[in-house]
Protein chains: 2
Amino acid sequence: MARIGLDDHEGICGVAAAISVIDGKWKTTLLWLLESGPHRPGELRRKVPRLSEKVLTQALREMEEDGIVHRETHDVVPLKTVYSLTEQGLALSKVLAPLSDWGHGHLDWLAEARRAAS
Amino acid sequence: MARIGLDDHEGICGVAAAISVIDGKWKTTLLWLLESGPHRPGELRRKVPRLSEKVLTQALREMEEDGIVHRETHDVVPLKTVYSLTEQGLALSKVLAPLSDWGHGHLDWLAEARRAAS
DNA sequence: CAGCATCCTCTACGATACTG
DNA sequence: CAGTATCGTAGAGGATGCTG
């Protein structure tokens with residue numbers, strides 16, 4: 001999605017703001033993984049093989065900026081870094097649950113509709 | 001956002017499916033407008049000036065395919081078309097409410113964080 | 001007025017190579 | 001192992017002109 005600016009939609013800016021935070025091809029996946037506990041970058045990459053390292057770092061940085069992910073670095077060799085959800089991030093993932101339910105209820109319909117359309 | 005395929009994320013595909021439906025710069029806005037009642041294309045364009053006609057039609061077509069918008073055409077001159085939400089679309093907009101609340105709770109934090117980051 | 005076709009731009013994503 | 005830098009690509013979004 002083209003990144004939605006916070007000022008683009010006056011009336012619905014709450015939703016727009018939330019979406020701008022989870023906007024990107026992988027952020028929802030990362031949110032979901034981190035919901036189950038802290039992860040190291042290597043773990044994340046292994047669990048999401050199609051996610052390149054550049055994009056992973058980029059996504060994590062943005063999520064950190066937006067206050068939903070916490071980054072903790074241990075200064076040892078080899079380098080060790082751990083990512084976890086903040087309170088806000090956890091709250092966000094909870095709020096996503098109803099959306100997930102709706103999605104599951106529509107999976108069949110969607111698959112059918114899009115097959116017919118193509 | 002790069003369009004999320006329904007098969008890209010196994011575990012979170014419910015959320016992914018829902019997001020794929022509201023994915024695009026304007027669909028959430030359209031959903032919000034249509035929630036208050038049926039609209040004609042011209043009305044939508046007037047209420048969202050920065051939305052071009054091509055993109056509007058495109059978005060509405062996709063939303064129609066995904067079963068959240070209903071299109072009704074009256075064969076008169078001049079042409080008349082009315083768009084409205086389906087039951088599914090209405091359900092989706094309801095489900096978006098908690099997300100909106102989360103977003104509103106983070107607007108200040110987000111604006112601050114992103115200003116600092118840039 | 002509703003909608004389609006064309007061209008163009010911009011950027012998120014991806015692949016690769018490299019540093020501490 | 002974590003992270004950065006560079007280059008290339010595909011597709012969403014935008015501007016404009018045309019049709020019934």
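So you know, we letter chains A, B, ... as the sequences are listed, proteins then strands, and number each from 1.
Between Y83(A) and V55(B), the residue whose closest nucleotide on DNA chain D is further toward the 5' end is Y83(A).
Taking atom CD of E64(B) as the reference point, atom P of dA2(C) lies 15 Å away to the nearest angstrom. Taking atom CG of residue L30(B) and atom P of nucleotide dG13(D), one finds them 11 Å apart after rounding to whole Å. Following rounding to the nearest Å, D75(B) (CG) and dC1(C) (P) show an atom-to-atom distance of 17 Å. When rounded to the nearest whole Å, the span between NZ of K25(A) and C1' of dT11(C) equals 14 Å. Nucleotide dA12(D) holds its P atom 16 Å from the CD1 atom of I22(B), rounded to whole Å. K27(B) places its NZ atom 9 Å from the P atom of dA12(D), with the value rounded to the nearest Å. The CD-P distance, from Q58(B) to dT6(C), rounds to 14 Å in whole Å. Per the geometry, CG belonging to L44(A) stands 9 Å off P belonging to dA2(D), to the nearest Å.
Listed by chain and number, the residues in a salt bridge (charged side-chain N to carboxylate O under 4.0 Å, His left out) with R46(B) amount to none (sequence neighbours excluded). A59(B) pairs by the side chain to side chain contact (heavy atoms under 4.5 Å, CB included) definition with K27(B), L30(B), not counting sequence neighbours. Listed by chain and number, the residues in a ring pair (Phe, Tyr, Trp, His ring centres under 6.0 Å) with H39(A) amount to none (sequence neighbours excluded). Under the ring pair (Phe, Tyr, Trp, His ring centres under 6.0 Å) criterion, H70(B) pairs with no residue, sequence neighbours left out.
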Between the protein and nucleotides 17-20 of chain C, which nitrogen or oxygen pairs come in under 3.5 angstrom?
none

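The closest side-chain heavy-atom distance from H106(B) to V21(A) is not below 4.5 Å. The closest side-chain heavy-atom distance from L31(B) to M63(B) is below 4.5 Å.
Proximity of R40(A) to the phosphate of dA2(D): a side-chain N or O atom is located under 4.0 Å from OP1 or OP2. For R61(B) and dC4(C), the shortest distance from a side-chain N or O to OP1 or OP2 is below 4.0 Å.
Picking from dA15(C), dC13(C), dA2(C) the nucleotide with the shortest atom distance to the side chain of S52(A) gives dA15(C).
In terms of polar N and O atoms assigned as donor or acceptor, the side chain of K54(A) comes within less than 3.5 Å of the base of dG14(C) in a complementary pairing.
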Under 3.5 Å, which donor-acceptor pairs link side chains of residues 72-87 of chain A to any protein atom two or more places apart or in another chain?
unit_1: Y83(A); atom_1: OH; unit_2: R61(A); atom_2: NH1; d: 3.1
unit_1: Y83(A); atom_1: OH; unit_2: R71(A); atom_2: NE; d: 3.4
unit_1: T86(A); atom_1: OG1; unit_2: G67(A); atom_2: O; d: 2.7
unit_1: T86(A); atom_1: OG1; unit_2: I68(A); atom_2: O; d: 3.4
unit_1: T86(A); atom_1: OG1; unit_2: Q88(A); atom_2: N; d: 3.4
unit_1: T86(A); atom_1: OG1; unit_2: G89(A); atom_2: N; d: 3.1

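Across all strands shown, R45(A) has no heavy atoms under 4.0 Å from either base or sugar-phosphate atoms.
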